[in-house]
Structure formats: C-alpha cells, structure tokens
Amino acid sequence: MEIERVLHMNGGLAKQSYACNSSHPKTVISMVKPILEESVLELYFSMLPDCLRIADLGCSVGPNALLVVSEIIDVIEASCQRLNHSPPSILAFLNDLPGNDFNTIFGLLPSFYKNLVKEKGDKFKQCFIAGAPGSFYGRLFPNSFLHLFHSSYALMWISKVPKECETGEALNKGNICIAKTSPPPVTKAYFEQFKRDFTFFLKCRAEEMIHGGQMVITTMGSIKSDDPLTMWEFVGLKLNDMVSEGLIEEAKLDSFNLPYYAATAEEVREVIEAEGSFSIKKFEAFNLDWDSYIKKVDSSLGKQERAAIIATDIRAVGEPILASKFGESIMDDLFRRFKDDVLDYMEAHGCQYINLVISLTKKD
C-alpha cells in the first residue's frame with residue numbers, strides 16, 4: 001500500500017469532503033488554544049523577530065487548515081496592540097502528504113487575506129502562506145529556520161504499517177488496527193514503528209527549529225495502547241460483518257492494516273525524553289465522548305442525528321485509504337452500518353477520544 005498516495009482526507013468542498021465534516025478537530029483545536037497562545041507569546045516576546053516563521057504539520061484540507069494561523073495572528077496582534085509594539089510579519093507553512101488537497105486550501109487564501117486586511121487593517125504586517133508537501137517523518141525545512149511548529153491530530157498516523165503485519169500471514173487477522181483481539185506481537189510491532197517514527201520526527205524538527213523554538217502537539221492517544229478502543233476498531237467490526245455476509249473477501253480484510261497507533265501518555269513521554277532535543281513544558285490529557293463535539297454545538301440533536309454526523313465525519317477521514325483496498329462500491333453500505341450502531345457501541349464500551357497535548361521547547 002502506497003501510504004503517501006492514499007493517506008489523506010476526502011478533498012474538495014462536496015457533501016462528504018473533510019472540509020465540510022471536520023468539526024471534531026476544530027473543537028479540539030479550540031480547546032488547545034490557551035496552550036498554543038502561551039507558547040506563541042513566550043516565543044515571540046523572548047525573540048521579537050521581524051518575521052515569525054511557523055509550520056502546521058498535518059494541516060489536511062478546509063477551513064481548519066487556516067484556523068491555527070488565524071489564532072496565532074490574533075494573539076500576537078492583540079498583545080502587540082496592548083504594548084504599542086509593531087507586530088511581525090507571519091510566514092506560515094502548511095504541511096501534509098502530497099496526496100492532500102492543497103488546491104482547495106489555496107482556493108481559500110484570497111478570502112482569508114481579504115478578511116485579515118478587513119479585521120486588522122494597516123496595524124498588521126503582511127502574512128504569507130505557503131504549502132510544504134511531504135512526510136513529517138523526514139526533513140521539510142532548512143536548519144535553524146522555524147520558530148514554531150504546530151501539529152493537531154496527525155501524529156497518530158505513523159509512516160507505514162509495521163513490516164511484521166505485512167508478511168501475508170494475517171498476523172492481525174480480522175482487525176484493521178490494534179484491537180482487543182490483536183496478539184501481543186502486533187501491539188509490539190506497532191509500538192516499535194511508532195517509536196522509530198516519533199523519534200525521527202523530533203530529531204528533524206529540532207534540526208529545523210531555532211534555539212528556544214517551540215512546538216505544540218495534539219494527538220489522539222489511549223489509556224491502554226494494546227486495547228485503545230479507537231473508532232477504527234469499530235470500523236473493523238463493520239467490515240467483519242460484511243465479510244460474514246460475503247460482501248468483502250476475507251483475505252482482503254486480513255491483509256489490511258491501518259498505519260495508526262494511539263500511544264499512551266507514558267509512551268509519548270518516554271520517546272521525547274529518550275530523544276533528548278526538547279524540554280516538556282506542559283503535558284496534558286483530556287477525554288471526550290465520541291459525540292461530545294456534536295452536543296457542544298447543538299445539544300438538541302437526537303441519537304441518530306449525532307450518529308449520522310459521526311459517520312460522515314469518519315468517512316471524510318477514512319474513505320480514501322479504505323476505498324483503496326475494498327473499493328468505492330462498498331463505502332455507502334459500510335458507513336450506513338457504522339451509523340446504525342456507533343453510539344450503542346460507544347455507550348456499551350465506554351469509548352472516548354483520548355487527547356494528548358504536549359508543549360515543547362527546543363533545548364539549547
């Protein structure tokens with residue numbers, strides 16, 4: 001499976017696009033905003049650069065891709081105004097894999113720039129936004145170049161499925177990720193791949209960042225990485241149902257695994273400390289029911305309405321990689337089944353999103 005080709009969200013602006021179905025990540029970005037603001041202000045006022053260079057890693061597509069840049073501009077503009085200080089220019093790089101729909105992001109830029117001028121006027125210098133396609137599990141920028149990295153809901157996607165799960169032996173039989181029935185060798189292989197990837201990620205960012213630079217990461221985690229209770233496990237159960245009805249070949253399911261690992265807080269901390277380039281400023285975790293973000297926006301919605309939104313949202317994330325293996329023709333049926341049972345499953349198993357938020361400073 002060519003991960004860099006198929007690991008991306010649904011592009012465009014259509015009904016099933018990620019741009020139109022990404023309210024959950026937006027909610028999480030908003031909840032993490034105070035930690036991001038703290039890092040931005042500490043960084044800016046300790047250096048006072050004429051141009052603040054930032055990168056959002058795993059930006060995906062749609063309005064959320066520009067949300068973090070907007071938040072950073074707002075907090076700097078407000079602080080500079082209070083102190084009667086001239087604000088800096090902003091150079092922001094939006095990064096994702098080459099298969100990401102960057103064209104839709106670029107199509108949003110004219111209105112973004114227009115609104116920026118309307119809201120900030122002449123008080124704010126120019127903001128420049130550029131795409132930076134490529135895997136963040138490798139170098140993306142020159143040495144000592146960037147002041148701030150941000151990444152939200154990206155690092156749980158590892159660089160590849162562990163080679164131990166790609167041998168043709170169906171080591172993780174019946175599952176598409178780590179699940180309750182995954183044998184210990186599968187969990188170990190995924191953890192080792194995560195450890196290699198995250199270590200190299202930190203090494204690359206340390207080389208690209210100026211001394212004293214900062215990074216804010218939000219990622220999905222787990223309480224127990226060998227039983228993470230992820231939504232992808234439930235997707236796998238629905239695929240198993242379709243196998244039992246003869247709608248999908250069993251061999252196809254047994255040979256498919258997602259490049260996804262929901263690390264525990266202890267595992268993340270262990271890798272950061274072992275790699276050694278960064279000091280941990282803050283490390284927080286918060287849990288959300290699978291439908292909490294929907295209730296937050298509209299508490300009047302019923303159970304089936306919430307389930308339909310969750311199904312559309314997870315389809316916008318997973319359809320490209322799932323369809324590359326199982327075909328487009330089963331997607332409607334798969335996510336109908338998902339919608340019908342997802343909230344009952346959540347309630348029965350106490351499933352929640354585990355969100356890990358880490359604020360880091362590059363060591364001298």
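Throughout, numbering of the chain's residues begins at 1 and tracks the sequence.
- The hydrophobic clustering, which links ILVMFWY residues whose side-chain heavy atoms are closer than 4.5 Å, places Phe200 and Leu140 apart.
- Partner of His147 under the side-chain contact (heavy atoms from CB on, under 4.5 Å) criterion, chosen from Gln214, Met209, Arg53: Arg53.
- Using a 4.0 Å cut-off between charged side-chain N and carboxylate O, Lys188 and Glu164 make no salt bridge.
- For the salt bridge (Lys or Arg N to Asp or Glu O under 4.0 Å) test, residues two or more places apart in sequence or in another chain that qualify with Glu208 are Arg139, Arg205.
- In this structure, Asp332 pairs ionically with Arg315, as a charged nitrogen and a carboxylate oxygen lie closer than 4.0 Å.
- Using cut-offs of 30° and 60° on the angle between ring planes, the pair Trp232 and Trp157 is perpendicular.
- Leu66 approaches Leu108 most closely through the heavy-atom pair CD1-CB, 4.0 Å.
- Between the side chains of Tyr293 and Asp313, at least one donor N or O lies within less than 3.5 Å of an accepting N or O.
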Pair Phe256, Phe326 - check ring-ring contact (aromatic ring centres under 6.0 Å, His included), show working. CA-CA 9 Å; Phe256 178 75; Phe326 303 106; 5.2 Å; yes
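- Under the 30°/60° scheme for interplanar angles, the aromatic rings of Tyr137 and Phe201 are found to stand perpendicular.
- Between Ser39 and Lys282, the side chains place no donor N or O within less than 3.5 Å of an acceptor N or O (distance only, hydrogens not considered).
- Counting all heavy atoms, side chain and backbone alike, Leu97 lies closest to Phe102 at O-CE1, 3.6 Å.
- Ion pairing between Lys160 and Asp197 fails under the 4.0 Å rule for side-chain N and carboxylate O.
- Pairing each heavy atom of Cys80 with each of Pro88, the nearest pair is SG-CD, 4.4 Å.
- Ring geometry for Trp290 versus Phe234: interplanar angle of 30 to 60°, hence tilted.
- One N or O on the side chain of Asn100 and one on the backbone of Ser60 form a donor-acceptor pair closer than 3.5 Å.
- Salt-bridge annotation for Glu192 and Lys163: absent, with no side-chain N of the basic residue lying under 4.0 Å from a carboxylate O of the acidic one.
- The aromatic rings of His85 and Tyr44 sit perpendicular, their planes meeting at an angle over 60°, well past the 30° parallel limit.
- Counting all heavy atoms, side chain and backbone alike, Phe194 lies closest to Val271 at CE2-CG2, 4.1 Å.
- For Asp341 and Lys238, the salt-bridge test passes: some basic side-chain N is under 4.0 Å from an acidic carboxylate O.
- Leu247 pairs in a side-chain contact (heavy atoms from CB on, under 4.5 Å) with only one of the listed residues (Leu239, Asp241, Asp333, Ile330), which is Asp333.
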Set out, in order, the CA-CA distance, both residues' side-chain angles and the distance that settles side-chain contact (heavy atoms from CB on, under 4.5 Å) for Val69 and Asp56, then state yes or no. CA-CA 8 Å; Val69 178; Asp56 191 16; 5.7 Å; no
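- A parallel orientation is assigned to the rings of Phe141 and Phe145, their planes being inclined by less than 30° (bins at 30° and 60°).
- Contact detail for Ile272 and Ile280: the closest heavy-atom pair is CG2-CG1, 3.8 Å.
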